[in-house]
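I have a structure here, written as structure tokens, and I will follow up with some questions on it.
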Amino acid sequence: MLLATVCTPQSRPVIAGARMRRGKAADSRGASKFVSEALATAREAGCTGTRILRADSQFYNAAVIAACRRAGAHFSITTGMNPSIKQAVHSIPNDVWQHFSYPTAVPDPETGELISDAEVAEIPQYTAFASRKKSDQVTARLIVRRVRNLAKPAVMGAQGELFPVWRYHPFFTDQPAATLQAEREHRHHAVVEQVIADSKAGALAHLPSGHFHANAAWLTLWAMTYNLLRAAGALTSAFHAKATTATLRTHLVQVPARVARSARRITLHLPHNWPWQHAWTHLFDTVHGPPG
């Protein structure tokens with residue numbers, strides 16, 4: 001499955017594109033077209049400021065970067081450690097690495113262990129896809145984060161570490177932010193995991209059939225309902241704008257109410273001392289307000 005989301009600091013991400021892929025399809029198949037559609041959707045949704053595509057290494061190819069530039073967007077894409085990247089990384093002098101500490105420990109993407117310190121360096125002019133034709137080559141910034149590769153604790157009498165060993169996490173970008181800010185913003189591309197976690201706790205936990213087209217239709221319906229629920233949360237309160245889908249279902253959808261009919265009128269009886277009364281009534285009044 002390919003999934004693209006749009007996120008802002010004020011709320012959880014919404015889905016800009018979702019596509020089911022067959023199991024035999026290559027990871028990068030259709031990526032450039034998918035990126036073009038997602039960026040166009042983001043613009044239609046009102047994202048007219050600086051747009052940055054943040055993606056993992058499966059999207060690191062010339063076609064995806066060309067799609068970003070056609071759409072007037074920046075890119076920030078994990079590269080992986082291919083031979084060309086590895087050579088460039090090992091050519092960085094030791095005295096240019098900038099040390100920084102995370103405010104809170106974060107999990108390492110490779111090992112899962114919590115880390116709180118890292119170092120970052122930048123190659124301002126790195127030419128990607130140099131083996132391809134001139135029109136496909138792209139020159140931009142290569143920013144690298146490295147963390148200590150901590151070995152297992154030495155056993156009694158064993159020799160300690162002779163020199164530090166590092167794990168490197170490079171990404172390729174043309175965004176104008178400073179090095180540390182660009183690294184921090186790129187690291188936040190993992191926000192898409194929130195949507196994936198929500199999907200596993202909801203409609204996509206069990207796809208309805210073994211047929212590709214039925215599952216693709218189910219995926220589209222899930223994306224529509226997910227975005228509608230996120231819109232409802234944004235209209236309710238600042239808390240619900242960042243709440244999980246399960247919380248929104250509990251507070252706004254699964255309402256313990258009773259519907260009564262009298263004199264051709266429908267009355268909704270809500271429970272007394274309900275903690276989410278004001279949030280729910282605010283959403284109701286906002287949605288059913290008089291036309292502008």
Side-chain angles (χ1 to χ4, degrees), residues 1-80 128-129 132 135-138 140 171-176 185-200 202-204 207-208 211-234 245:
M1 180 181 72
L2 293 177
L3 183 66
T5 62
V6 178
C7 64
T8 68
Q10 289 76 32
S11 62
R12 279 186 172 247
V14 295
I15 298 173
R19 180 182 298 173
M20 189 74 70
R21 298 188 304 115
R22 296 187 183 275
K24 296 183 293 184
D27 291 333
S28 59
R29 181 179 179 181
S32 59
K33 182 179 179 181
F34 181 73
V35 165
S36 297
E37 293 173 351
L39 290 172
T41 300
R43 180 177 290 278
E44 292 173 0
C47 301
T48 57
T50 301
R51 294 173 299 159
I52 302 175
L53 171 74
R54 300 183 298 197
D56 60 22
S57 58
Q58 306 301 335
F59 287 79
Y60 177 62
N61 61 66
V64 168
I65 292 177
C68 290
R69 292 189 162 177
R70 285 195 303 269
H74 296 286
F75 59 86
S76 183
I77 306 175
T78 302
T79 65
F129 323 116
R132 304 186 59 172
S135 59
D136 289 340
Q137 298 178 13
V138 181
F171 65 96
F172 191 52
T173 182
D174 67 343
Q175 71 144 306
E185 291 180 356
H186 176 77
R187 190 161 22 92
H188 287 170
H189 81 278
V191 71
V192 72
E193 299 295 338
Q194 295 179 356
V195 180
I196 296 174
D198 272 341
S199 70
K200 293 180 179 179
L204 293 191
L207 291 174
H211 298 283
F212 177 84
H213 296 293
N215 291 336
W218 187 266
L219 176 69
T220 302
L221 293 173
W222 163 75
M224 294 169 60
T225 55
Y226 176 90
N227 283 349
L228 288 173
L229 195 57
R230 294 256 57 94
T245 299

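Values below: all heavy atoms of this structure, side chains included; hydrogens, waters and symmetry mates excluded.
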Any residue meeting side chain to side chain donor-acceptor pair (under 3.5 Å) with N61, in chain and number order, not counting sequence neighbours: none
Kindly indicate whether the side chain of L53, heavy atoms from C-beta on, has any atom under 4.5 Å from the side chain of V64. yes
With A66, which residues qualify under side chain to side chain contact (heavy atoms under 4.5 Å, CB included), at least two apart? R70
Taking all non-hydrogen atoms of both residues into account, name the closest pair between F171 and S76 and its distance.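 Closest pair (atom of F171, atom of S76, distance): CD1-OG, 3.4 Å.
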Minimum heavy-atom distance L39-A71, with the two atoms named: CD1-CB, 3.7 Å
Just wondering, do H74 and P176 contact through their side chains at under 4.5 Å, heavy atoms?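 A side-chain contact exists here, since the closest heavy-atom pair is under 4.5 Å.
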Residues in side chain to side chain contact (heavy atoms under 4.5 Å, CB included) with R43, at least two apart?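 For R43, the residues satisfying side chain to side chain contact (heavy atoms under 4.5 Å, CB included) (neighbours in sequence not counted) are R51.
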Min side-chain heavy-atom separation I77-T173 under 4.5 Å: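 They are not in contact (no side-chain heavy atoms under 4.5 Å apart), so the answer is no.
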Got a sec, which residues hit side chain to side chain donor-acceptor pair (under 3.5 Å) with T78, two or more places apart in sequence or on another chain?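 Partners of T78 under the side chain to side chain donor-acceptor pair (under 3.5 Å) test: H186.
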Can you give the donor-acceptor pairs under 3.5 Å from side chains of residues 222-233 to other protein atoms, not counting sequence neighbours?
{"residue": "T225", "atom": "OG1", "partner": "L221", "partner atom": "O", "Å": "3.1"}
{"residue": "T225", "atom": "OG1", "partner": "W222", "partner atom": "O", "Å": "2.9"}
{"residue": "Y226", "atom": "OH", "partner": "P13", "partner atom": "O", "Å": "3.2"}
{"residue": "N227", "atom": "OD1", "partner": "I15", "partner atom": "N", "Å": "2.9"}
{"residue": "N227", "atom": "ND2", "partner": "I15", "partner atom": "O", "Å": "2.9"}
{"residue": "R230", "atom": "NH1", "partner": "A243", "partner atom": "O", "Å": "3.3"}
{"residue": "R230", "atom": "NH2", "partner": "A243", "partner atom": "O", "Å": "2.6"}

What distance do S199 atom OG and E193 atom CD have between them, rounded to the nearest 0.5 Å? 9.5 Å
Ring pair (Phe, Tyr, Trp, His ring centres under 6.0 Å) with F212: which residues, sequence neighbours excluded?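 Per chain and number, F212 pairs via ring pair (Phe, Tyr, Trp, His ring centres under 6.0 Å) with no residue.
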Within the structure provided, determine whether I52 and T50 are in side-chain contact (heavy-atom separation under 4.5 Å). yes
All side chain to side chain contact (heavy atoms under 4.5 Å, CB included) counterparts of A40, not counting sequence neighbours: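 Not a single residue meets the side chain to side chain contact (heavy atoms under 4.5 Å, CB included) criterion with A40.
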Taking C-beta and beyond as the side chain, do L219 and M1 meet within less than 4.5 Å on heavy atoms?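 In contact.
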Ignoring hydrogens, what is the shortest heavy-atom contact between S32 and A67? Give both atom names and the distance.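 Closest approach of S32 to A67: O-CB, 3.7 Å.
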Of all the heavy-atom pairs spanning A203 and W218, show the shortest one and how long it is.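 Closest approach of A203 to W218: O-NE1, 2.9 Å.
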Any side-chain heavy-atom pair of R54 and C7 under 4.5 Å: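 They are in side-chain contact.
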Show, in sequence, the C-alpha distance, side-chain angles and deciding distance for S57 and T79, and conclude whether the side chain to side chain contact (heavy atoms under 4.5 Å, CB included) test is met. CA-CA 5 Å; S57 58; T79 65; over 6 Å; no
Less than 4.5 Å apart, side chain to side chain, heavy atoms only: is that true for K200 and I196? yes
H213: partners by side chain to side chain contact (heavy atoms under 4.5 Å, CB included), with sequence neighbours left out: R22
Centres of the Y60 and F129 rings: under 6.0 Å? yes
Could you check V6 against C47 for side chain to side chain contact (heavy atoms under 4.5 Å, CB included), going step by step and ending with a plain yes or no? CA-CA 9 Å; V6 178; C47 301; 3.6 Å; yes
Full working for side chain to side chain contact (heavy atoms under 4.5 Å, CB included) between D174 and F75: CA-CA 6 Å; D174 67 343; F75 59 86; 3.3 Å; yes
Of M20, R21, R29, the one forming a side chain to side chain contact (heavy atoms under 4.5 Å, CB included) with L2 is R21
Does anything in residues 211-223 form a salt bridge (charged side-chain N to carboxylate O under 4.0 Å, His left out)? List the pairs, not counting sequence neighbours. none
Can you sort out the partners of D136 under side chain to side chain donor-acceptor pair (under 3.5 Å), two or more places apart, ordered by chain and number?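 For D136 the side chain to side chain donor-acceptor pair (under 3.5 Å) partners, ignoring immediate neighbours, are R132.
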Worked check of side chain to side chain contact (heavy atoms under 4.5 Å, CB included) between R12 and D198: CA-CA 11 Å; R12 279 186 172 247; D198 272 341; 4.2 Å; yes
Could you pull out all residues at least two apart from E185 that satisfy side chain to side chain donor-acceptor pair (under 3.5 Å)?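 In terms of side chain to side chain donor-acceptor pair (under 3.5 Å), with neighbours along the sequence ignored, E185 is linked to Q175, Q181.
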